[in-house]
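Single-structure report; data block below.
Letters A, B, ... are given to chains in the order of the sequence lines, protein chains preceding strands, and every chain is numbered from 1. Only a predicted model underlies this, so the values are computations on that prediction, with no experimental measurement involved.
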There are 2 protein chains.
Amino acid sequence: MKWDRENTIAQFLRDRRKKAYLTQVELSDLTGVGLRFVRELEQGKPNLMTDKVNQVLLFFGHTLTPTPISDETRRNLGK
Amino acid sequence: MKWDRENTIAQFLRDRRKKAYLTQVELSDLTGVGLRFVRELEQGKPNLMTDKVNQVLLFFGHTLTPTPISDETRRNLGK
DNA sequence: TGTAATTATACCTTAAAGGGTGTAAATTGT
DNA sequence: ACAATTTACACCCTTTAAGGTATAATTACA
């Protein structure tokens, strides 16, 4: 599967980390996930484990939940 | 890690499947994920792969996205 | 109440996610 | 322009998610 830096989670986390003036290393330390994982997250690796993602999201007060797909997303379904 | 049938994703999917009058087997077929996975999903297995979850959520027009944690969630942080 | 359908557990195998580390590339600041 | 910091990529290793299948428990209903 192809990586997609523009996917919702990747974008969200790159943005939040920047705004918090944190490096990937710092975020890795603060959240307890591996540095490698932080990088894969931000580069849009497609297949991630939910609890690892949540471990990072939680640091920013967020969590993964099912939300209705946007028209935008629906349009891109056929990739 | 402990399983939690009441977690957001598990609850959401049990509810949606019921409302669609589908069995786990049917949902498994329709979404292309394994039957075992549907069951683990609905029973709140903690560690899931995001693309598998999305594969099922998409069937119900949803997808995993980072959302602010609720007060409820925040209260339960210390488990 | 008995029986078929649905759901829950258990066991085993396989593919791949996550982690550590080392190195190269890119970014930043002076 | 250069040095230091930060980010990206490659390698190998360990762990485990997901799938298939078989069996037990539960639920639905005739």
Please determine whether a side-chain nitrogen or oxygen atom of [X] lies at a distance below 4.0 Å from atom OP1 or OP2 of [N].
{"X": "A:Arg5", "N": "D:dA8", "value": "yes"}
{"X": "B:Gln24", "N": "C:dA5", "value": "no"}
{"X": "A:Arg17", "N": "D:dT7", "value": "yes"}
{"X": "A:Lys18", "N": "D:dT7", "value": "yes"}
{"X": "A:Gln43", "N": "D:dC9", "value": "yes"}
{"X": "B:Lys52", "N": "D:dG19", "value": "yes"}

Nearest whole Å is fine: how far is [N] [atom2] from [X] [atom1]?
{"X": "A:Met49", "N": "D:dT15", "atom1": "CE", "atom2": "P", "value": "14 Å"}
{"X": "A:Asp29", "N": "D:dT6", "atom1": "CG", "atom2": "C1'", "value": "14 Å"}
{"X": "B:Glu40", "N": "D:dT21", "atom1": "CD", "atom2": "P", "value": "16 Å"}
{"X": "B:Phe37", "N": "C:dT13", "atom1": "CZ", "atom2": "C1'", "value": "19 Å"}
{"X": "A:Trp3", "N": "C:dA16", "atom1": "CH2", "atom2": "P", "value": "14 Å"}
{"X": "B:Leu22", "N": "D:dA28", "atom1": "CG", "atom2": "P", "value": "16 Å"}
{"X": "A:Lys45", "N": "C:dA15", "atom1": "NZ", "atom2": "C1'", "value": "12 Å"}
{"X": "A:Asn47", "N": "C:dG18", "atom1": "CG", "atom2": "P", "value": "8 Å"}

Compare all side-chain heavy atoms of A:Leu35 with those of A:Asp29 and state whether any distance is below 4.5 angstrom.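 A side-chain contact under 4.5 Å is absent here.
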
Would you check if A:Phe59 and A:Val33 make a side-chain contact, meaning some heavy-atom pair closer than 4.5 Å?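 No, too far: nothing below the 4.5 Å cut-off.
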
Would you check if there is a donor-acceptor pair between the side chains of B:Thr65 and A:Thr8 at a distance under 3.5 Å?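 No, no side-chain donor-acceptor pair sits under 3.5 Å.
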
If you check the B:Thr23 side chain, which of C:dG18, D:dA17, C:dT7 turns out closest?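 Of all the options, the side chain of B:Thr23 is nearest to C:dT7.
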
Mind checking B:Leu48 for me? I need base, sugar-phosphate or nothing, with any heavy atom below 4.0 Å counting as a touch.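 It contacts sugar-phosphate atoms only.
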
With a 4.0 Å cut-off on heavy atoms, is B:Glu42 in touch with a base, just the backbone sugar-phosphate, or nothing at all?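 The residue B:Glu42 makes no contact with any strand.
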
Hphob cluster co-occupancy, B:Leu58 + A:Leu48, side-chain heavy atoms under 4.5 angstrom: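 No, separate clusters.
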
Please check if B:Met49 and B:Leu64 belong to a single hydrophobic cluster, counting links between Ile, Leu, Val, Met, Phe, Trp and Tyr side chain heavy atoms closer than 4.5 Å.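 Cluster IDs for B:Met49 and B:Leu64 differ.
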
